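These notes concern the structure reproduced below.
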2 protein chains.
Amino acid sequence: MNQYASILNNINRYVSLTKVEEEKICSIIKTSTVKRRQYIIQPGFVCQSRTYIVEGAFRVFHLDEEGKEHTVSIGVEDWFVTDFFSYINQTPAQNYAEALENSLIFQMHYEDIEPLCKEIHNLSEYFRLTTEKAFAHSRRRVISSISLTAEQRYDEYAAQYPHIVNRVPQYVLASYLGMSPEFLSKIRNRKAQS
Amino acid sequence: MNQYASILNNINRYVSLTKVEEEKICSIIKTSTVKRRQYIIQPGFVCQSRTYIVEGAFRVFHLDEEGKEHTVSIGVEDWFVTDFFSYINQTPAQNYAEALENSLIFQMHYEDIEPLCKEIHNLSEYFRLTTEKAFAHSRRRVISSISLTAEQRYDEYAAQYPHIVNRVPQYVLASYLGMSPEFLSKIRNRKAQS
DNA sequence: TTCGAAAAATGAACTAGATTAAGAAATGTA
DNA sequence: TACATTTCTTAATCTAGTTCATTTTTCGAA
């Protein structure tokens, strides 16, 4: 069994790669291990790669002028972590991507993967379809953040990601859901009571 | 000059279509006019098409259980309007898309455009690149909605979309920015004073 | 196994922004 | 031109969620 089975499996859920295509894609993958608290993307540096999480967990967050962290996304196994704005424009990132656990990742460099998208129609389709899906979810999150109360947002998240909600630190989840850690604590406490 | 010049021009900013490709794409375009207040997407109906705005303005909004409207996106000329979640899954929409002005649109039907994406690599690339861009912006909006105050969100929008901020009704903009129309009125008034 | 630092919980005072309601202005329509 | 409907404004009241200061718990490292 191929060491890249996980990511190929993910891609083949959307398209049907030929053996040759699989090999080309695998040939540009770089494997790394990352320790908890380590950053793989930092403000000021260009996000060079699409990063696939084989094992572990990451978050992307934004640090505002007042020193407050705002978590943009949380990802675990079989997800991608990217600062898309930085990646697609190849301009310096404005966010951090931090390992929440010791992790194993596959990285595909911009200068390798973008030409490959021009070459392999299936790969282009894969990223088109997955990005459309991610975009649709992002829109749903915008609706939630506009229309729901803090407690409703927590409930929705807990229902949708039961395997993540208790895996990440509370202050990370609070900053993802757009509330203070104190208030999230209060919400959880209210639930534990009843 | 081709009647589809506007949309072809948009596509050719990202990829270089051949004449044959251009003709295939144009052959599936349906042109319509839509009156102000008319819906082109409604809850319960599947979003069948990608809609390109030639002239006019639209908004996509969600109606919650309490009867409140939450505007998800606002689009004018040279933008696409789609309920992506409904479109990609071909499931009933949960949102409305409403014409804010009398408008002229081009529509490409799911069953025509999706096979064409499999056939024309350039088209697949076009949608991949534009969706990645839209996704990156959507993420920025999530950050804004989490980290900025209502007034800062208004300022940011006014700076980024000066040509739209005074073109749409105030209650639409308020529901897009996630605040009450009364509060938006207050903000605008504060600015007019100083 | 104990120590120290980071994370979580608690509670009280505070505020951004919502809600309500009523009137004024603008806009469309006959 | 006038009437009806939609949109915007103003101001008072209310509350979800923040801030800050303190205490308690958790957990990794030695």
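We name chains A, B, ... by the order of the sequence lines, and we start the count at 1 in each one. Predicted model, so just to flag it, every value in this text is computed and none were measured.
At whole-Å resolution of the value, CD1 in B:Ile187 and P in D:dT9 are 12 Å apart. Rounded to whole angstrom, the span from the NZ atom of A:Lys68 across to the C1' atom of D:dC20 amounts to 11 Å. Regarding B:Glu101, its CD atom lies at a distance of 15 Å from the C1' atom of C:dT27, rounded to whole Å. Atom NZ of B:Lys186 is separated from atom C1' of D:dT7 by 19 Å (rounded to the nearest Å).
Remark: A:Pro169, A:Gln170, A:Tyr171 in residues 158-175 of chain A come within less than 4.0 Å of DNA chain C through at least one heavy atom.
Looking only at atom types and distance, the side chain of A:Arg188 has a donor-acceptor partner in the side chain of A:Tyr154 under 3.5 Å away. In the model, A:Thr51 has a side-chain atom that pairs as donor or acceptor with a side-chain atom of A:Gln107 under 3.5 Å.
Aromatic rings of B:Phe85 and A:His137 (six-membered ring for Trp) have centroids within the 6.0 Å cut-off, being under it.
Each end of the helix from C:dT1-D:dA30 to C:dA30-D:dT1 gets its own rotation axis from five pairs of C1' atoms, and the angle between them is 60° to the nearest 10 degrees.
Relative to the six-membered ring of B:Tyr176, B:Arg141 meets both conditions, a distance below 6.0 Å and an angle of at most 45° to the axis. Seen from the ring of B:Phe135, B:Arg140 does not count as a face-on cation partner, given the 6.0 Å and 45° thresholds.
Put simply, the side chain of A:Glu182 and the base of D:dC20 share a donor and an acceptor less than 3.5 Å apart.
Closest-nucleotide positions on DNA chain C for B:Glu66 and A:Leu184 were compared, and the one nearer the 5' end corresponds to A:Leu184. Residues B:Arg36 and B:Arg153 each lie close to DNA chain C; by heavy-atom proximity, the contact nearer the 5' end of the strand is made by B:Arg153.
Of all the heavy atoms in B:Cys26 and B:Asn2, the pair that sits closest is SG-ND2, 4.4 Å.
At the phosphate of C:dA9, neither OP1 nor OP2 sits under 4.0 Å from any side-chain N or O atom of A:Asn189.
The aromatic rings of A:His121 and B:His121 lie parallel to each other, with less than 30° between the two planes, well short of the 60° mark.
Note that OH of B:Tyr96 and CD of B:Gln42 are 6.5 Å apart. Values are rounded to the nearest 0.5 Å.
Residue A:Arg37 is classed as a sugar-phosphate contact, given heavy-atom separations below 4.0 Å to backbone atoms only.
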